[in-house]
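Since the structure comes first, as structure tokens, the remarks are kept for the end.
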Amino acid sequence: MSLSDYLRALRNHWLGAVVIVFVCLILALAYSLSQPSVYAANATGLVTSSNADPSIAGQSVAEALAKSQATSYVEVATSRPVAERAIEALGLQTSPEALIGRISVEQPVDTALIRISARGSEPQAARDLADAWVTALAAEVSSIQNPSGGADASLVVRPIEGAALPSSPVSPVPVRDAGIGLVLGLLLGVAYAAVRSQLDRRLRTAQEIEKKFNVSVIGAIPATRALEHERGTAADLAVTETDQNPSFIAGEAFRKLRTNLSYMDIDNPPRIIVVTSSRQSDGKSTVSTNLAAAIATSGQPVILVDADLRRPVVAPTLGLVEGAGLTDVLIGRAELDDVLQDHPDVPGFQVLAAGGVPPNPSEMLGSQSMRNLLKQMAESALVVLDAPPLLPVTDAAVLSTVADGAIVVVSYGSTVDSELETSLGNLTAVRGRVLGVVFNRVPRRNSAGGYYYGGYYREDTETTGKGGRGRRKVRESNAKGKVGRARKRSPKAA
């Protein structure tokens with residue numbers, strides 16, 4: 001993985017990584033504060049010759065001998081006899097092995113010194129143990145050098161520096177332990193994010209979709225409350241300008257999607273477009289309604305057809321009458337012009353509701369009557385079909401055979417790659433054309449989907465002419481990203 005991959009993994013799974021860092025930090029502090037205080041005191045002994053030749057040559061030989069023997073005395077210092085002498089001197093009730101575990105011995109490089117470090121639960125105990133240990137080592141070395149007990153030992157250990165009373169414990173050190181816990185937590189957090197990123201099959205980047213499925217991401221809709229509404233309730237269009245719906249950022253996303261579609265095939269632009277998704281909750285109806293409205297605002301007539309005959313939502317979402325619709329036209333109960341409804345706020349935007357829910361939706365959508373109806377509507381307007389999801393039913397795949405192409409909507413960070421793979425496979429199986437994929441609910445400050453919605457715009461809208469159709473001028477705002485709006489409204493034509 002490259003650095004950018006790690007950064008993307010941390011961005012996608014930052015919450016888990018932060019939890020791991022926090023837990024490691026708390027555990028490190030809890031462990032540190034639960035440990036008993038340990039004090040350390042140091043005492044030093046010098047290995048020297050007791051009867052060295054006073055000449056320079058003799059002193060040099062004695063010094064070399066002392067340095068070489070000091071290495072052996074380091075091993076003697078951690079022996080059982082020395083521990084027994086220290087226990088006897090201090091009157092302790094413990095075993096030699098336990099006492100040796102509280103002692104560390106070292107010889108500074110190229111010296112005849114032996115440094116004793118003793119640890120204890122109290123400062124006084126650590127100091128007394130260090131001093132007693134140096135004295136016990138000196139006595140043990142003397143007994144080794146002169147087993148008969150005389151005073152003519154050639155090498156002796158002389159205590160030269162007594163232990164000082166320690167002022168602070170050497171363990172635990174909460175600051176140090178917290179730092180260790182923090183570093184460990186960071187490493188584990190990065191590892192967690194990297195592993196999750198490798199195992200996580202949810203779609204988050206346009207590059208991933210284009211690389212895996214060889215299909216283009218033609219749009220990304222930002223996550224905004226303006227597009228959220230309860231099922232069956234009316235919702236504002238993101239591309240319209242109302243006091244209740246000031247989310248022009250989402251509107252710009254749909255206008256960009258409209259532009260991408262218009263440049264997809266200049267010589268033979270699509271006239272019948274199916275909008276579908278892998279699952280029911282991916283927001284296909286929101287995308288289809290706003291895309292149709294965005295196309296209508298450009299001056300091109302649009303008919304939005306609610307082709308989801310199982311769970312129709314288009315008419316209630318746009319505040320229109322469900323009543324008669326597509327199914328009534330297909331069975332000859334009504335004429336198309338009688339059931340088409342004009343959207344009150346967007347001129348040129350007509351809606352064909354689903355009508356009654358039939359017992360055989362797939363058969364009706366794949367019928368010759370449906371083909372003829374779509375051709376009839378496409379002669380005078382661009383047709384957008386809000387189709388059912390691809391995974392539960394085959395309706396959208398059936399519609400793609402008579403349409404010029406299909407747009408598949410995926411939810412950012414929710415749709416997994418296997419779902420999109422199956423959905424695209426269903427369209428390919430019937431030789432349907434995939435126009436592209438639309439990312440829905442992309443975080444506004446996240447560029448992982450290949451788009452960036454952090455910038456803000458200021459819109460000046462002038463309304464002129466019949467029906468309130470106006471021109472929109474979009475300009476970049478100041479660097480601080482503040483949003484300003486200036487509206488001039490004129491009364492609608494009678």
ask   = Which residues satisfy the side-chain hydrogen bond (donor to acceptor under 3.5 Å, both in side chains) test with N440, sequence neighbours excluded?
value = none
request  = May I ask you to decide whether E208 forms a salt bridge with R204, counting only side-chain N to carboxylate O separations under 4.0 Å?
outcome  = no
query = Tell me, do V430 and V398 make a side-chain contact under 4.5 Å, heavy atoms counted?
reply = no
message = To the closest 0.5 Å, what do you measure between CZ (F349) and CD (Q300)?
response = 13.0 Å
task = Please name all residues satisfying side chain to side chain contact (heavy atoms under 4.5 Å, CB included) with Q107, sequence neighbours left out, ordered by chain then number.
result = A70, T71, V74, T111
request  = Flag the pair I273 / L382 as yes when at least one side-chain heavy-atom distance between them is below 4.5 Å, and no otherwise.
outcome  = yes
Would you be so kind as to tabulate the donor-acceptor pairs closer than 3.5 Å made by side chains of residues 174-196, with sequence neighbours excluded?
unit_1, atom_1, unit_2, atom_2, d
D177, OD2, S32, OG, 2.7
Y192, OH, R196, NH1, 2.7

query = After noting the C-alpha distance and the side-chain angles of N372 and Q376, does the key distance pass the side-chain hydrogen bond (donor to acceptor under 3.5 Å, both in side chains) rule?
reply = CA-CA 6 Å; N372 296 335; Q376 176 186 348; over 6 Å; no
query = Please, which pairs that meet side chain to side chain donor-acceptor pair (under 3.5 Å) have at least one residue in residues 391-407, sequence neighbours excluded?
reply = R310-D395, S362-D395
query = Is it the case that more than 12 heavy atoms not belonging to E122 sit under 6.0 Å from its CD atom?
reply = no
request  = Sequence neighbours left out, what pairs pass side chain to side chain donor-acceptor pair (under 3.5 Å) with at least one residue falling in residues 324-342?
outcome  = D328-R333, D342-Q350
inquiry  = Please enumerate all residues that pass side-chain hydrogen bond (donor to acceptor under 3.5 Å, both in side chains) together with S278, with sequence neighbours excluded.
reply    = S423
inquiry  = Counting only heavy atoms from other residues, nucleotides and ligands, does the tally under 6.0 Å from CG of N214 exceed 12?
reply    = no
request  = Report yes or no: does N290 contribute a side-chain atom to a donor-acceptor pair with the main-chain N or O of A238 at less than 3.5 Å?
outcome  = yes
note = Value for CG (L391) from CG (N426), rounded to nearest 0.5 Å, stands at 7.0 Å
query = Are any side-chain N or O atoms of N260 and backbone N or O atoms of I218, one a donor and one an acceptor, separated by less than 3.5 Å?
reply = yes
request  = Evaluate side chain to side chain contact (heavy atoms under 4.5 Å, CB included) for L365 paired with L309, printing each intermediate quantity in order.
outcome  = CA-CA 9 Å; L365 295 176; L309 302 182; 3.9 Å; yes
Spatial distance of atom CG (D306) from atom CG (L326) [nearest 0.5 Å] = 8.0 Å
key: Worked verdict on L352 versus V383 for side chain to side chain contact (heavy atoms under 4.5 Å, CB included)   = CA-CA 10 Å; L352 178 59; V383 181; over 6 Å; no
query = Charged N to carboxylate O under 4.0 angstrom, R311 versus D308?
reply = no
inquiry  = Closer than 3.5 angstrom, by distance alone: can the side chain of K284 be matched with the main-chain N or O of P388 as a donor-acceptor pair?
reply    = no
note = Value for CD (Q207) from NZ (K212), rounded to nearest 0.5 Å, stands at 13.0 Å
key: Candidate pair R119 and S171, rule side-chain hydrogen bond (donor to acceptor under 3.5 Å, both in side chains), full reasoning   = CA-CA 10 Å; R119 295 180 296 277; S171 177; over 6 Å; no
task = Starting from the C-alpha separation in whole Å, work towards a yes-or-no answer on side chain to side chain contact (heavy atoms under 4.5 Å, CB included) for R279 and S411.
result = CA-CA 9 Å; R279 306 170 304 174; S411 292; 4.0 Å; yes
message = Contact between D417 and F213 at the side-chain level, heavy atoms closer than 4.5 Å - yes or no?
response = yes
